[in-house]
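Here is the naming used below: chain letters follow the sequence lines, and residue numbers restart at 1 for every chain. Keep in mind that the numbers below use all heavy atoms, side chains included, and drop hydrogens, waters and symmetry copies.
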There are 2 protein chains.
Amino acid sequence: MKCNDLGNRIKNLVMTTDEANNDRTPTLADVARLAKVSTATVSRCLNSPDQVIEKTRTKVLAAVRELGYAPNFNARALAAKHTNTIGAIIPTMENAIFARALQAFQEELGGSGVTLLVASSSYRADLEEEQIRTLVSRGADGILLIGYHRDPKIYEFLQRQGVPIVVAWVFDPQADVPTVGFDNFTAMKALADQVISMGHRRIATITANPEYNDRASERLRGIRAAMSEAGISATDLSIVESAYGIDEGGKALEQILAQTVRPSVVMCGNDVLAVGAIARAKELGLRVPEDISVTGFDDIEIAKISSPPLTTVHVPHRRMGKEAARMLINLVNATKDQKNTLIETSLKIRSSLSKR
Amino acid sequence: MKCNDLGNRIKNLVMTTDEANNDRTPTLADVARLAKVSTATVSRCLNSPDQVIEKTRTKVLAAVRELGYAPNFNARALAAKHTNTIGAIIPTMENAIFARALQAFQEELGGSGVTLLVASSSYRADLEEEQIRTLVSRGADGILLIGYHRDPKIYEFLQRQGVPIVVAWVFDPQADVPTVGFDNFTAMKALADQVISMGHRRIATITANPEYNDRASERLRGIRAAMSEAGISATDLSIVESAYGIDEGGKALEQILAQTVRPSVVMCGNDVLAVGAIARAKELGLRVPEDISVTGFDDIEIAKISSPPLTTVHVPHRRMGKEAARMLINLVNATKDQKNTLIETSLKIRSSLSKR
DNA sequence: TCGATCAATGTAAGCGCTTACATGGAATTC
DNA sequence: GAATTCCATGTAAGCGCTTACATTGATCGA
């Protein structure tokens, strides 16, 4: 012991060139040298401490601390062939619902010692594809994706690479990948049924571009189905596409009002659009819901405090995120193959919707 | 050519064990073999195409496509010692202002071919520290941090590791790292001056825990300074700490109302708390601003559509994100050492604040 | 007391890539 | 036409880690 200490002290005083204390960041080998063990032992100390005897461990950990050693993640990943990392690609960070689900997702992952890599695709298929490749080449052990609709080649690629995925925000037993989410069609149809049962016939909807967005297209289909069931002509539905945002919802509402026939209700693709529509309607001197009813989707906090409070579809986003994490972890560990998980939604009837 | 084609075809038909088309994901060496060049050439094709003659490049790219080759990021990072990656740690994803700034940050980075790694610390110093280490060990070329206040050891660590950082959301010429942001003290003091000039004397504030949050503590200091300047006793300020969220703002308001002396104005640390406070006040039968005035901070979209519209401090978050990206890229490229950048804020006086 | 057994540690071969340096052939110069 | 230059490509040495396998010394049963 004493001898070693002395040895180290001398080393620190008399620095020969080849073991100079230069500012290169310390490596495993440096730690091993300081602790007078092999690199294998240091590695084991860090990764499976119980394979190493207490005395050695203490010695190694001391060396780690002394050098301020931090393992090089890339080298580790290269050698170990897994990263303890899971990736997630969401359409945008600016939408609170994704942020919230992701937060829950991350919390659940963190509990299992897995770290999360996030990317956002701005709702663009090409960007998403690029990000999937990036995530894979970074060695993500699994990936969370939003919505099922994408080029089949991507699913093939992922399968070939052996990277498990979970698709969230949709529930689709037909899909050949595990999904966790709700049935957008049924949920929106339920709301539309309610709207129609309250006497509304002329309906407008503000929706995201449904072309590459299966949540939006399914919700639209839900409205159409409800109308058709009620014997309402499809021409009584007017559709306005809009980007996400409060102002955008307001602009979309103006477009609707500019049409020759004014609808009695505006069903919005999400709460943010709905709140924007309500605000603009009020600015324009309309009363909500007396002059025009408005509905949303998601039931985020703002729905409750909007005036008037918003009729919407409640989606348990945190639960969905949590569930997605659970499934993905099981998949990565190959514990069992996950099947689809249905998240239940419910109608929240509030005063932004009234009888016609 | 013909010969090669034939050769490949035969290879695909007769698979010997050592070159079997097994499902191992293809490597640089596989591409090199297929294209009949060295691995160095393949690498050059991918990283600096102009060093390679057109003919060779075509051949290599064809091989890449045929194999569906995707480079292994970790191997590349290990060999090249840089990752073209920048990390950012924000307190939470659930706050739209961070999301928005981050979006702009990412857009700017993307334009320079840099990818972004995001982590969120849930406002916890220990988590943030862990994430900084993670980012460093993952080889981030630079890191964006929010707020200046943290253990000096962290700054030392970062410096030792040679990882440049930019601190956003504060403007502090004293700091020994580049900052980009606004002066939280001055901004809030300006608002408080306005409030006081409208006759308010008894002030309440809803704030995040200021202990580890220099934005919050500086804003609080701003209010105190304005009061002191106006000769108002510090005891006329009542402080309620609250977590982030609409409901939380509401609860905090209830605490304020439960106190013996009711303040005439509630100055909130951000718009979300303010909107929550307004909503709860209305629920409790109070009129805003007649019975109680409310102010916010940030000027997010919701401030405008709140009823009544919210008096707040406008912060150009996107600009701040963009500027942070620019600075960090310069730092990473060692183009020039960046100094502090001031982002100007402005008062938005709306009807949630009225004369006492 | 001796080999068998086992736990702790060491040895060294990669993981997939980049890049300094070596090489060889074509283009250029005189 | 020989010497020089230069450009395209190849060779091979790592980057920092993990892990299969080898080694060692201690422990144990007979």
Using atom [atom1] of [X] as one end and atom [atom2] of [N] as the other, report the distance to the nearest whole Å.
X: A:Leu28; N: D:dC15; atom1: CG; atom2: P; answer: 13 Å
X: A:Asp30; N: D:dC15; atom1: CG; atom2: C1'; answer: 13 Å
X: B:His82; N: D:dC15; atom1: NE2; atom2: C1'; answer: 13 Å
X: A:Arg138; N: C:dG16; atom1: CZ; atom2: P; answer: 18 Å
X: A:Arg76; N: D:dT18; atom1: CZ; atom2: P; answer: 5 Å

Considering only NZ, NE, NH1 and NH2 on the basic side and carboxylate oxygens on the acidic side, decide whether A:Glu128 and A:Arg150 come within less than 4.0 Å.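 Salt bridge flag = yes for A:Arg150 with A:Glu128.
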Inspect the contact between A:Glu129 and A:Arg133 and indicate whether a charged nitrogen and a carboxylate oxygen are less than 4.0 angstrom apart.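 Counted as a salt bridge, because a side-chain N and a carboxylate O are separated by less than 4.0 Å.
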The side chain of [X] lies closest to which of these nucleotides: [options]?
X: A:Val37; options: D:dC17, C:dG10, C:dC17; result: C:dG10
X: A:Thr39; options: C:dT19, C:dA12, C:dT18; result: C:dA12
X: A:Ser38; options: C:dG16, C:dT11, C:dT18; result: C:dT11
X: A:Leu78; options: C:dC15, C:dT18, D:dT9; result: C:dC15
X: B:Lys81; options: D:dC15, C:dG16, D:dA12; result: D:dC15

Assign B:Ala80 to base, sugar-phosphate, or nothing according to its heavy-atom contacts below 4.0 angstrom with the strands shown.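 B:Ala80: backbone/sugar contact only, no base atoms under 4.0 Å.
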Mind checking A:Phe73 for me? I need base, sugar-phosphate or nothing, with any heavy atom below 4.0 Å counting as a touch.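 No contact.
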Where along nucleotides 22-27 of chain C does protein come under 4.0 Å, by heavy atom, of base (B) or sugar-phosphate alone (S), with - for untouched nucleotides? ------
Is a side-chain donor-acceptor pair under 3.5 Å present for B:Thr41 with B:Ser38?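 Result is yes, a qualifying pair exists.
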Could you check whether any side-chain N or O of [X] sits under 3.5 Å from a backbone N or O of [Y], counting only pairs where one atom can act as donor and the other as acceptor?
X: B:Ser48; Y: B:Asp50; answer: no
X: A:Gln131; Y: A:Ser120; answer: yes
X: B:Asp141; Y: B:Thr83; answer: yes

Mind jotting down which residue pairs meet the side chain to side chain donor-acceptor pair (under 3.5 Å) criterion with at least one end in residues 71-80 of chain A? Sequence neighbours excluded, please.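 Listed by first then second residue: A:Asn47-A:Arg76.
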Have a look at B:Arg318 and tell me which of B:Glu107, B:Glu108, B:Glu323 forms a side chain to side chain donor-acceptor pair (under 3.5 Å) with it.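 Exactly one pass, corresponding to B:Glu107.
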At a heavy-atom distance below 4.0 Å, what parts of residues 42-58 of chain B sit against DNA chain D?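 Listed by number, they are B:Arg44, B:Val52, B:Ile53, B:Thr56.
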Output, in order, the C-alpha distance, side-chain angles, deciding distance and verdict of side-chain hydrogen bond (donor to acceptor under 3.5 Å, both in side chains) for B:Thr179 and B:Asp172. CA-CA 6 Å; B:Thr179 62; B:Asp172 185 352; over 6 Å; no
